[in-house]
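Notes follow once the structure below has been shown.
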Amino acid sequence: MKFNFFLKSFAILVTLVFFASCDKDFNELGSEIVGEDNYNLNKEDVDVVAYNQNIGVYRTSDLPINSLGFYKNDAFGKTKASFVTQVQLVTSSPKFYRPASNIIIDSVYLYVPYFSSIKSTDATSGDSTYELSKDSIFGDKEIDLKVYESNYFLRDNDPATGFQQPQYYYNNQENEFFPNPSALTLLNTDNRNAQDSTVTDNSQNSKFVFSNKQIKIYKNIGTPNVAVKERLAPGMLLSLNKAYFRQKIFNAPANVLFNNNIFEDYFRGLYFKVDNASTSPNEGTLAKLNFANGYIRIAYRDNSSETSTTLIRRTLDIKLGGHSVNLIESDWTNPVTSPNTIVGDNTLYLNGMGGSMAVIDLFPGAAGANKLQQIKNNNWLVNEANLTFTIDKNAMGSSPEPNRIYLYDLNNKRPLIDYFADLTSSTSPKYNKFIHGGIIKKDASKRGTTYKIKITNHVRNLILRDSTNVKLGLVVTEAITNPLNVNLLSPFTNADVTTKFVPAMSIVNPLGTKLFGSNPSVPAAQRLKLEVFYTKPD
């Protein structure tokens, strides 16, 4: 089988969650959505320790959502995301009647839809106006996009484990896969506009832009002002090299089109290589895409049968499927090379796409253990416990901010009990579990101020059930409803905890935030503390 049960479940779950969320605008839900009437309760701020941790190299194979583009975030630097994917025949063993050299190829194009929604449709023309999902496109500048034939075979299983475990691939393997890209076959060489072949604008390659315009496929592709054959939602539309596909498909050796097991080794896939455009060397655009919805379509004319010379028009589709790898590199590194694990760091750097995370110890050291015992001895009834993270607005400037952060059990790589206990839902899945929280709260200028996460049940368990005081991990997240993890190439160790995994949705999200930490030098009003609201026994 191509995927084990876990990977299938992972792909289906996250695709559904993300697709649903990208089709809707964010609701203006903040932490104020939950009533916070704690005036009649006692309140105590408990010191915690929070410090930074670089994530390092992480697995990016077979993610359901991938990033593509070049983007500069003023708070975290530049990120470049390329992509490699296998391809599969939609119909195995296609039958051709003419010799390969005599088949007439009308067009070969690649289409990958963006996350978008229809705003309106003209009743007369049938044309629709679309809006790209705000949480799927970052930036508005050109990028340099090259699409190559991949010569790297993505395996199902790892030979180092005797082919007993899946083969994992990581974000830093671009140079390993493609040490000499110029030696590969470049496929998107057409410098004309994909929808209007009379215009030369390099919009299919060196000046590529993510457009919100509806795509029209004309009966004679690339020629406007003729009959429209098909309308498509906004997406990547690239004309590909017809001579290459004549040789690769119609003149293919015997049996390589028999099934996809053979075909995937013969045509190993596509490599989407991204760089900054010459017109915007320090800026660009980064998009999140579901490449599994993409395909290559070959429109051609062939004899209608073995005995007839009548030409008919046919199409052959090749879907973007099988294994894939997101190849990501960033020029930002966590400036805290020696995190303060004793009293915590001044600033917590939560950087998406695997940049960095924070580690939190709720009752640290001997003083923390004494405090926890004091609470137990006093028989406090904990009504509510929160961690409120204050955003360093000056450090963030005008940089885009992640909508949500995620707190989890670092020791056991799983959500907290408060996550499972919160069954609240919203019209957008990104706002599900809003009592547990982690949703950004914004001021009148629409800039973030805080993130609050309720951990009442977790703290109660520490007090009442002597639960282990585990370390907590804090990351940005793209989809709160998906708590699954991906592997780290090199595990990291914090005290007694060795971490081999990171939440998958933290590497899907390209954004980051800077939060005030727990170091005593941080002003008390911004310093991270555990807020405990409680009642005393009679």
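In this text, all values refer to a predicted model and were calculated from it rather than measured experimentally. Residue numbers run from 1 in the order of the sequence given.
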Distance-only side-chain donor-acceptor flag, Glu142 / Ser280, under 3.5 Å: no
Quick check for you: to the nearest 0.5 Å, what is the distance between Arg313 atom CZ and Ile104 atom CD1? 11.0 Å
Under a 3.5 Å threshold, yes or no: a donor from one side chain and an acceptor from the other, between Asn171 and Asn326? no
With the side chain counted from C-beta on, respond yes when Asn293 and Leu320 share a heavy-atom pair under 4.5 Å apart, and no when they do not. no
At what distance, to the nearest 0.5 angstrom, does CZ of Arg231 lie from OG1 of Thr121? 9.5 Å
Between CG of Leu186 and OH of Tyr244, what distance do you get to the nearest 0.5 Å? 11.5 Å
Minimal heavy-atom distance between Asp409 and Asn412, with the atoms involved, is OD2-ND2, 2.8 Å
Is the backbone N or O of Val274 less than 3.5 Å from a side-chain atom of Asp144, with the two atoms forming a donor-acceptor pair by type? no
Non-hydrogen atoms of Gln88 and Gly321 that approach each other most closely: CD-C, 3.8 Å
Walk me through whether Tyr111 and Tyr109 qualify under ring pair (Phe, Tyr, Trp, His ring centres under 6.0 Å). CA-CA 7 Å; Tyr111 172 68; Tyr109 65 86; 7.6 Å; no
Is it true that Lys430 and Glu478 have a side-chain N and a carboxylate O under 4.0 angstrom from each other? yes
Under the salt bridge (charged side-chain N to carboxylate O under 4.0 Å, His left out) criterion, do Asp106 and Lys242 qualify, and how do the steps go? CA-CA 8 Å; Asp106 292 323; Lys242 292 191 288 186; over 6 Å; no
With Lys433 as the cation and Tyr419 as the aromatic partner, state whether NZ or CZ is under 6.0 Å from the six-membered ring centre and within 45° of the axis. yes
Which atom names give the shortest non-hydrogen contact between Arg246 and Asn102, and what distance separates them? NH1-N, 4.4 Å
Between Glu329 and Lys78, is there a side-chain N and carboxylate O pair less than 4.0 Å apart? no
Side chains of Asn188 and Asn205: donor-acceptor distance under 3.5 Å anywhere? no
Compute the centroid of each ring, for Tyr114 and then for Phe210, and state whether the two points are separated by less than 6.0 Å. yes
Any Lys/Arg nitrogen of Lys216 or Asp127 sitting under 4.0 Å from an Asp/Glu carboxylate oxygen of the other? yes
I'd like to know if the side chain of Asp62 pairs up with that of Tyr169 as donor and acceptor (distance under 3.5 Å, no hydrogens or angles considered). no
Which residues pass the ring pair (Phe, Tyr, Trp, His ring centres under 6.0 Å) test with Phe272, sequence neighbours left out? Phe291
May I ask you to establish whether Lys248 and Tyr266 are in a cation-pi arrangement, using a distance under 6.0 Å from NZ or CZ to the six-membered ring centre and at most 45° from the ring axis? yes
One thing to verify: whether Asp201 and Arg192 come together as a salt bridge, which I'm taking to mean a side-chain N less than 4.0 angstrom from a carboxylate O. no
When rounded to the nearest 0.5 Å, the distance separating CG of Leu270 from CG of Leu184 is 11.5 Å
Just grab all the ring pair (Phe, Tyr, Trp, His ring centres under 6.0 Å) pairs involving residues 116-156, residues at least two apart or on different chains. Tyr148-Tyr271, Tyr152-Phe177
SB check Arg297 Glu230 (cutoff 4.0 Å): yes
Check ion pair Glu283-Lys72 (N to O, under 4.0 angstrom): no
In terms of side-chain heavy atoms, does Ser428 have a donor or acceptor partner in Ser426 at a distance below 3.5 Å? no
Do you see a donor-acceptor pair shorter than 3.5 Å between the side chains of Asn251 and Gln247? yes
Could you go step by step and tell me if Val502 and Ile507 meet the side-chain contact (heavy atoms from CB on, under 4.5 Å) rule? CA-CA 8 Å; Val502 68; Ile507 67 167; 4.1 Å; yes
Of all heavy-atom pairs linking Pro64 and Asn290, the shortest is O-OD1, 3.4 Å
Can you confirm whether the side chains of Arg98 and Asn303 place a donor and an acceptor under 3.5 Å from each other? yes
Check Met353 against Leu286 and note the closest heavy-atom contact, atom names and distance. CE-CD2, 3.7 Å
Out of the candidates Asn482, Thr477, Val476, Leu474, only one should pair with Tyr406 under the side chain to side chain contact (heavy atoms under 4.5 Å, CB included) rule; please name it. Thr477
